[in-house]
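Step one of this worksheet: look at the structure below.
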Amino acid sequence: MTTILLARHGETDWNREGRWQGWADPPLNDAGREQARSLADQLRTTPFDAVYSSDLRRAHETAEIVGAPHGVPIRVDRDLREIDIGSWSGLTRDEIDERFPDGRRPDGETREQHSERVLAAVIRLARENEGRRVLVVTHGGTLRALHHVVSEEPYHPVANCAVLEVHFRDDRLTAPIG
């Protein structure tokens, strides 16, 4: 069995302002760096053999901070990115409602495309790390996509720097997601 700790990145100014980020690349803010340091302290005694991160700055910087006490290099994987929200990037919910009254995005990825991409990435890295514990620092939408694969329970958005655990065994992801 491979244990995968899925961590959401720390806060950005866009998170604080309620702006949709997608593939936009705002950095962590001071609160986000503090959240990452707190997560590093929380996981200090939890061994992990590898650290993977989305290539977006907010996830990569979080991974660097959390992984530093373990001395494990960060492996960047573009397929761990958030969903591409296209024209919604940088907008608040009110701005989206005003500009796109039908609630549909004219571009970017579908949830299905995003889910297929991130699931394939996580399964690939799980196979590469069979029997190990791996930290994956990624995004809220990515955690949602993976949650839907391993659990029939409703998804509740997770806070910045929250951690969910999944297992990979018998060639599939399974939960103790809660």
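At a threshold of 4.5 Å between side-chain heavy atoms, the hydrophobic network of Ile, Leu, Val, Met, Phe, Trp and Tyr places V122 and V51 in two separate groups. Hydrophobic clustering places V136 together with L173 (ILVMFWY residues linked when any side-chain heavy atoms are closer than 4.5 Å, directly or through intermediates). No continuous path of hydrophobic side-chain contacts links V134 to V163 [ILVMFWY only; heavy atoms under 4.5 Å]. Clustering ILVMFWY residues whenever any of their side-chain heavy atoms sit less than 4.5 angstrom apart, transitively, puts I4 in a cluster other than the one holding I74. Note on L146 and F168: same hydrophobic cluster, where clusters join Ile, Leu, Val, Met, Phe, Trp and Tyr whose side-chain heavy atoms are under 4.5 Å apart, directly or indirectly.
Between H147 and Y155, the angle of the ring planes goes over 60°, which puts this pair in the perpendicular group of the 30/60° scheme.
Between the CZ atom in R44 and the CG atom in L39 there is a gap of 11.0 Å [rounded to 0.5 Å]. Note that the CG atom of L28 and the CG atom of D13 stand 10.0 Å from one another [nearest 0.5 Å]. Taking CZ from R8 and OG1 from T138, the interatomic distance works out to 10.5 Å, rounded to the nearest 0.5 Å. Rounding to the nearest 0.5 angstrom, the gap separating the CD atom in E61 from the OG1 atom in T12 is 11.0 Å. With values rounded to the nearest 0.5 angstrom, T45 atom OG1 is found 8.0 Å from H70 atom NE2. Rounded to the nearest 0.5 angstrom, D84 CG and T110 OG1 are separated by 10.5 Å.
When side chains are defined from C-beta on, P73 does not count as touching R75, because their heavy atoms never get closer than 4.5 Å. Here the side chains of H9 and Q21 are in contact, with some heavy-atom distance below 4.5 Å. Taking the side chain as every heavy atom from C-beta outward, S53 and T62 never approach each other to under 4.5 Å. Within the 4.5 Å cutoff, the side chain of D55 has no heavy atoms near those of the H60 side chain. Between R58 and E11 the shortest side-chain heavy-atom distance does not fall below 4.5 Å.
Counting heavy-atom neighbours within 6.0 Å of E98 CD, excluding the residue itself, gives a total of 12 or less.
Among all heavy-atom pairs drawn from T2 and A126, the shortest one is OG1-O, 3.5 Å. Taking every heavy atom of both residues into account, P157 and R144 meet most closely at CG-NH2, 4.3 Å. Of all the heavy atoms in E82 and E109, the pair that sits closest is O-OE1, 4.1 Å. What you find for A36 and V66 is that their closest heavy atoms are O-CG2, 3.6 Å. Scanning both residues, I65 and A40, for their nearest heavy atoms gives O-CB, 3.7 Å. Of all heavy-atom pairs between L80 and A121, the closest is CD2-CB, 4.0 Å.
Under the 4.0 Å criterion applied to side-chain N and carboxylate O atoms, D171 and R127 are assigned as salt-bridge partners. Salt-bridge check for R117 with D79: failed, with every basic side-chain N at 4.0 Å or more from each acidic carboxylate O.
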Q: With side chain to side chain contact (heavy atoms under 4.5 Å, CB included) as the test, would you mind laying out the steps for E17 and T92 before giving the verdict?
A: CA-CA 8 Å; E17 296 165 4; T92 64; 5.7 Å; no
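In this structure, R133 contributes its side chain and F48 its backbone to no donor-acceptor pair below 3.5 Å. The backbone N or O of L56 lies less than 3.5 Å from no partner atom in the side chain of D25, so there is not a single donor-acceptor pair.
Counting only N and O atoms by type, the side chains of S38 and D41 include no donor and acceptor under 3.5 Å apart. Inspection of the H139 and S54 side chains reveals an N or O donor paired with an N or O acceptor under 3.5 Å.
Here W20 is tied into one hydrophobic group with I83, I85, W88, L91, I96, F100, each link being a pair of ILVMFWY side chains closer than 4.5 Å.
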